[in-house]
**Q** 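Structure in structure tokens, see below.
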Amino acid sequence: MDRLYREICYASTALLVVLRRKAMFKVKNGALCIAAGLVLILAVNCVSVKDSKESVVKGTTSDAPGEGEREFTLEKGHFDLIKLPPDPFKQNKRLGRGINLGNALDAPNEGEWGVMLKEEYFKIIADAGFDSVRIPCRWSNHALEKKPYTIDPNFFGRVDWAIKNALKNNLYVMLNIHHYLEMNSDPNGNSERFLGLWQQIAEHYKDYPDSLLFEPLNEPTEKLTAELWNDLLKKALAVVRKSNPHRTVVIGPAGSNAVHSLRRLEIPEGDRNIIVSVHYYDPSQFTHQGAEWVGEKSKEWLGTTWTGEKRQKQEIKHNFKRAADWAKKHNRPISLGEFGAYEKADMDSRAAWTAYVAKTAIENGWSFHYWEFCSGFGAFDQEKNAWKEPLLKALIQPDK
Ligand code: BGC
């Protein structure tokens, strides 16, 4: 069809030129006719691009922050932008250096563990140089026990508020289910509810940008064995993928996300939009000295220092290498979802350990989230409304 148009067009333009030459038209009219003819040719050529089978052009746009890659297809004149899942390695780079907003929305109720999130915190975190926040959330305390496990809209509203404030400050967000303790003590009795929670969370945030990432569960442990977790994570991923085919998901191994548990982690091979998470608190005699929730033994650890001796550094290097080797073999990016040292340790040791762990994570190409912002491990002093400089420096400039 387009060829016919084109030919008619060429013919009429030629005719107009001939007519003008034969002085049958006034000069002005002739010029106008030639212009009209050219416009016609152009229009017909556009139609021909639209109809031509040879005009299929495919490519990938360069991706903007917060936006996943787009595949474009210029086919039959339609410029289609087809959304591709983001590259998890790039997503991990964007997570960069982060901090956990711990002990807030993961407390039984926000505020009960001494932290109420404030709008200004997000700006303070972004201004300090962080790229992302991990927002631990105890959804299980804010949802019906029985089917359909409806999540309290007020809690959703509060989490929405936190995510929006993070995004407003250009912080990437890792959103998880945290402290669902019953999952660890009775996995079979809770897995349906767990999946029901994810169905709602995923649906609720499905239109959020790629800068929001989901992490199905913090530190699966106890009765939630590797075998059970590998099975459950597959189901959770399937639930998430129904409404969020392109959401980057962060998954850690059973055994409290420890590095040595990675070898038992099984993630669906075909799903590449995944970042694997590990947590690091070794040696716990140092990081958890005096930590009340660890029990009596932690009191005996009080006074343990970390001075960055060769063997201390080697232990961290060695453990991280194990994770890095696993990641290389499985072609997955790694995020260090938690690491930190409790306030009962001395500040010099805390800063030295934190800096070394952060630096080693960066050297391995990992993203990280320090545990945590302004509570017992906190890098920020709520009362003074100021950063604890040695810790901030350790996280932002670990080399200096
Ligand atoms: C827990 C926190 C705890 C931290 C260090 C996290 O996974 O959720 O409650 O303070 O580990 O033990």
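Both counts, for ligands and for their atoms, begin at 1 and track the order of listing.
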**Q** If you count only heavy atoms, which residues are under 4.0 Å from ligand 1?
**A**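 Lining ligand 1 at under 4.0 Å, by heavy atoms, one finds His178, His179, Asn218, Glu219, Tyr281, His288, Trp293, Glu338, Trp371, Phe377.
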
**Q** Is Lys168 salt-bridged to Glu119, cutoff N-O under 4.0 Å?
**A**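 Counted as a salt bridge, because a side-chain N and a carboxylate O are separated by less than 4.0 Å.
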
**Q** State, without any angle test, whether Ser367 and Ser335 hold a side-chain donor-acceptor pair at a distance under 3.5 Å.
**A**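 A pair is found: one side chain offers a donor N or O, the other an acceptor, under 3.5 Å apart.
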
**Q** Is it the case that the ring center of Tyr370 lies less than 6.0 angstrom away from the ring center of Trp387?
**A**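 Aromatic pair excluded; centres sit 6.0 Å or further apart.
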
**Q** Closer than 4.0 angstrom, basic N to acidic O: yes or no for Glu338 and Arg134?
**A**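 Looking at Arg134 together with Glu338, the answer is yes, because their closest N to O distance falls below 4.0 Å.
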
**Q** Return the set of residues passing ring-ring contact (aromatic ring centres under 6.0 Å, His included) with Phe320 (not counting sequence neighbours), or none when no residue passes.
**A**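 Partners of Phe320 by the ring-ring contact (aromatic ring centres under 6.0 Å, His included) criterion, ordered by chain and then number, come out as Tyr280, Trp366.
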
**Q** If the threshold is 4.0 Å, N to carboxylate O, is there a salt bridge linking Asp271 and Arg241?
**A**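 So Asp271 pairs with Arg241 through a salt bridge.
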
